[in-house]
Amino acid sequence: MKLIFAIVSSDDSSNVITELVKNRYSATKLATTGGFLRAGNVTIIIGTDDDKVERAIEIISEQSKSRMQFVPAFPELDMESMGDQEVKVGGATIFVVNVEEFYKV
Ligand code: 2BA
(Lines give C-alpha, C1' and ligand atoms only; values in the text may rest on other atoms or scores of the structure.)
Protein backbone atom coordinates (compact mmCIF):
# COMPACT_ATOMS: atom_id res chain seq x y z
CA MET A 1 0.00 0.00 0.00
CA LYS A 2 1.11 3.59 -0.71
CA LEU A 3 0.26 7.01 0.64
CA ILE A 4 0.18 9.78 -1.94
CA PHE A 5 0.64 13.40 -0.88
CA ALA A 6 -0.42 15.75 -3.68
CA ILE A 7 0.03 19.50 -3.20
CA VAL A 8 -2.24 21.33 -5.63
CA SER A 9 -3.51 24.88 -6.04
CA SER A 10 -6.69 25.77 -4.17
CA ASP A 11 -8.34 26.56 -7.54
CA ASP A 12 -7.80 23.02 -8.86
CA SER A 13 -8.41 21.08 -5.67
CA SER A 14 -12.15 20.65 -6.08
CA ASN A 15 -11.81 19.11 -9.56
CA VAL A 16 -8.97 16.84 -8.39
CA ILE A 17 -11.02 15.52 -5.46
CA THR A 18 -14.15 15.08 -7.58
CA GLU A 19 -12.32 12.97 -10.16
CA LEU A 20 -10.50 10.92 -7.50
CA VAL A 21 -13.76 10.11 -5.71
CA LYS A 22 -15.47 9.30 -9.04
CA ASN A 23 -12.68 6.81 -9.65
CA ARG A 24 -13.24 5.25 -6.20
CA TYR A 25 -10.18 6.62 -4.42
CA SER A 26 -10.45 7.64 -0.77
CA ALA A 27 -8.95 11.06 -0.26
CA THR A 28 -8.50 13.62 2.50
CA LYS A 29 -8.12 17.31 1.79
CA LEU A 30 -5.93 19.47 4.03
CA ALA A 31 -5.75 23.26 3.84
CA THR A 32 -2.03 24.07 3.64
CA THR A 33 0.24 27.03 2.93
CA GLY A 34 3.18 27.15 0.54
CA GLY A 35 6.44 28.13 2.19
CA PHE A 36 7.57 30.33 -0.71
CA LEU A 37 4.44 32.21 -1.78
CA ARG A 38 2.88 31.99 1.71
CA ALA A 39 -0.40 31.47 -0.14
CA GLY A 40 -3.03 28.85 0.54
CA ASN A 41 -2.76 25.59 -1.33
CA VAL A 42 -4.30 22.18 -0.75
CA THR A 43 -2.62 18.93 0.20
CA ILE A 44 -4.60 15.83 -0.72
CA ILE A 45 -3.67 12.55 0.93
CA ILE A 46 -4.70 9.30 -0.71
CA GLY A 47 -4.10 5.84 0.68
CA THR A 48 -4.29 3.26 -2.08
CA ASP A 49 -3.03 -0.06 -3.43
CA ASP A 50 0.30 -0.06 -5.22
CA ASP A 51 -1.30 -0.88 -8.57
CA LYS A 52 -3.63 2.14 -8.36
CA VAL A 53 -0.94 4.77 -7.81
CA GLU A 54 -0.23 5.40 -11.48
CA ARG A 55 -3.89 6.11 -12.31
CA ALA A 56 -4.20 8.44 -9.29
CA ILE A 57 -1.21 10.44 -10.53
CA GLU A 58 -2.76 10.65 -14.00
CA ILE A 59 -6.01 12.00 -12.55
CA ILE A 60 -4.21 14.56 -10.40
CA SER A 61 -2.10 15.80 -13.30
CA GLU A 62 -5.08 15.97 -15.70
CA GLN A 63 -6.95 18.21 -13.25
CA SER A 64 -4.02 20.46 -12.16
CA LYS A 65 -3.03 22.83 -14.89
CA SER A 66 0.14 24.79 -14.33
CA ARG A 67 0.55 28.42 -15.37
CA MET A 68 3.12 31.13 -14.81
CA GLN A 69 2.37 33.96 -12.39
CA PHE A 70 4.33 37.12 -11.75
CA VAL A 71 4.76 37.74 -8.02
CA PRO A 72 6.32 40.78 -6.38
CA ALA A 73 9.36 40.46 -4.12
CA PHE A 74 8.43 39.53 -0.57
CA PRO A 75 9.78 42.14 1.85
CA GLU A 76 8.46 40.14 4.78
CA LEU A 77 10.66 37.23 3.75
CA ASP A 78 13.76 39.39 3.45
CA MET A 79 13.93 38.55 -0.27
CA GLU A 80 14.23 42.05 -1.74
CA SER A 81 17.52 41.05 -3.31
CA MET A 82 15.71 38.41 -5.37
CA GLY A 83 13.48 41.09 -6.96
CA ASP A 84 10.14 40.33 -8.55
CA GLN A 85 9.77 36.74 -9.65
CA GLU A 86 7.86 34.78 -12.23
CA VAL A 87 6.90 31.45 -10.71
CA LYS A 88 4.97 28.43 -11.86
CA VAL A 89 1.70 28.02 -10.01
CA GLY A 90 -0.81 25.25 -10.27
CA GLY A 91 0.35 21.86 -11.43
CA ALA A 92 0.89 19.37 -8.66
CA THR A 93 3.78 18.34 -6.44
CA ILE A 94 3.38 14.68 -5.60
CA PHE A 95 5.13 12.45 -3.06
CA VAL A 96 4.47 8.71 -2.88
CA VAL A 97 5.54 6.84 0.25
CA ASN A 98 5.25 3.25 1.39
CA VAL A 99 2.69 2.49 4.09
CA GLU A 100 4.07 0.10 6.70
CA GLU A 101 0.81 -0.50 8.49
CA PHE A 102 -2.80 0.55 7.91
CA TYR A 103 -5.67 0.16 10.35
CA LYS A 104 -9.32 1.13 10.36
CA VAL A 105 -10.58 0.30 13.84
P1 2BA B 1 5.26 27.40 -2.48
O2 2BA B 1 6.37 27.04 -1.55
O3 2BA B 1 4.43 28.58 -2.15
O4 2BA B 1 5.93 27.61 -3.94
C5 2BA B 1 5.16 28.09 -5.04
C6 2BA B 1 6.00 28.12 -6.31
O7 2BA B 1 7.05 29.08 -6.13
C8 2BA B 1 6.71 26.79 -6.60
O9 2BA B 1 5.83 25.95 -7.34
C10 2BA B 1 7.92 27.25 -7.39
O11 2BA B 1 7.57 27.49 -8.74
C12 2BA B 1 8.26 28.58 -6.74
N13 2BA B 1 9.28 28.45 -5.69
C14 2BA B 1 9.19 27.75 -4.55
N15 2BA B 1 10.29 27.90 -3.79
C16 2BA B 1 11.10 28.72 -4.49
C17 2BA B 1 12.39 29.27 -4.24
N18 2BA B 1 13.07 28.97 -3.10
N19 2BA B 1 12.93 30.10 -5.20
C20 2BA B 1 12.25 30.40 -6.34
N21 2BA B 1 11.01 29.91 -6.62
C22 2BA B 1 10.45 29.09 -5.71
P23 2BA B 1 5.90 24.37 -7.11
O24 2BA B 1 7.31 23.87 -7.16
O25 2BA B 1 4.92 23.77 -8.09
O26 2BA B 1 5.37 24.09 -5.63
C27 2BA B 1 4.02 24.30 -5.27
C28 2BA B 1 3.84 24.08 -3.78
O29 2BA B 1 4.15 22.70 -3.50
C30 2BA B 1 4.81 24.88 -2.91
O31 2BA B 1 4.27 26.17 -2.66
C32 2BA B 1 4.91 24.04 -1.64
O33 2BA B 1 3.74 24.23 -0.85
C34 2BA B 1 4.82 22.62 -2.22
N35 2BA B 1 6.15 22.02 -2.46
C36 2BA B 1 6.86 22.06 -3.61
N37 2BA B 1 8.01 21.36 -3.48
C38 2BA B 1 8.03 20.88 -2.23
C39 2BA B 1 8.95 20.07 -1.47
N40 2BA B 1 10.13 19.61 -2.02
N41 2BA B 1 8.65 19.76 -0.21
C42 2BA B 1 7.48 20.20 0.36
N43 2BA B 1 6.57 20.96 -0.30
C44 2BA B 1 6.82 21.29 -1.56
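In listed order, ligands and their atoms are each counted from 1.
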Counting from 1, what ligand 1 atoms have a heavy atom of [X] closer than 4.0 Å?
{"X": "Asn41", "value": "28 (C), 31 (O), 33 (O)"}
{"X": "Gly35", "value": "1 (P), 2 (O), 3 (O)"}
{"X": "Gly34", "value": "1 (P), 2 (O), 3 (O), 31 (O), 33 (O)"}

- Query: If we only count N/O pairs under 3.5 Å, is Lys88 in contact with ligand 1?
  - Reply: yes
- Query: Any salt bridge (charged side-chain N to carboxylate O under 4.0 Å, His left out) pairs touching residues 5-15, not counting sequence neighbours?
  - Reply: Asp11-Arg67, Asp12-Arg67
- Do Glu62 and Arg55 sit within salt-bridge range, that is, some charged N less than 4.0 Å from a carboxylate O? yes
- Task: Have a look at Val89, Leu37, Val42, Ile7 and point out the one with the heavy atom closest to atom 35 (N) of ligand 1.
- Result: Ile7
- Please tell me if the side chains of Ile44 and Phe5 come closer than 4.5 Å, counting only heavy atoms from C-beta onward. no
- Are side-chain heavy atoms of Ile57 and Val96 found at a separation under 4.5 Å? yes
- Note on the structure: Applying salt bridge (charged side-chain N to carboxylate O under 4.0 Å, His left out) to Lys88 and not counting sequence neighbours gives none
- Query: Side chain, backbone, both or neither: which part of Phe95 has a heavy atom under 4.0 Å from ligand 1?
  - Reply: side chain
- How close do Asn41 and Val8 get, heavy atom to heavy atom, and via which atoms? CB-O, 3.4 Å
- Task: Decide whether the shortest distance between a heavy atom of Ala39 and an atom of ligand 1 is less than 4.0 Å.
- Result: no
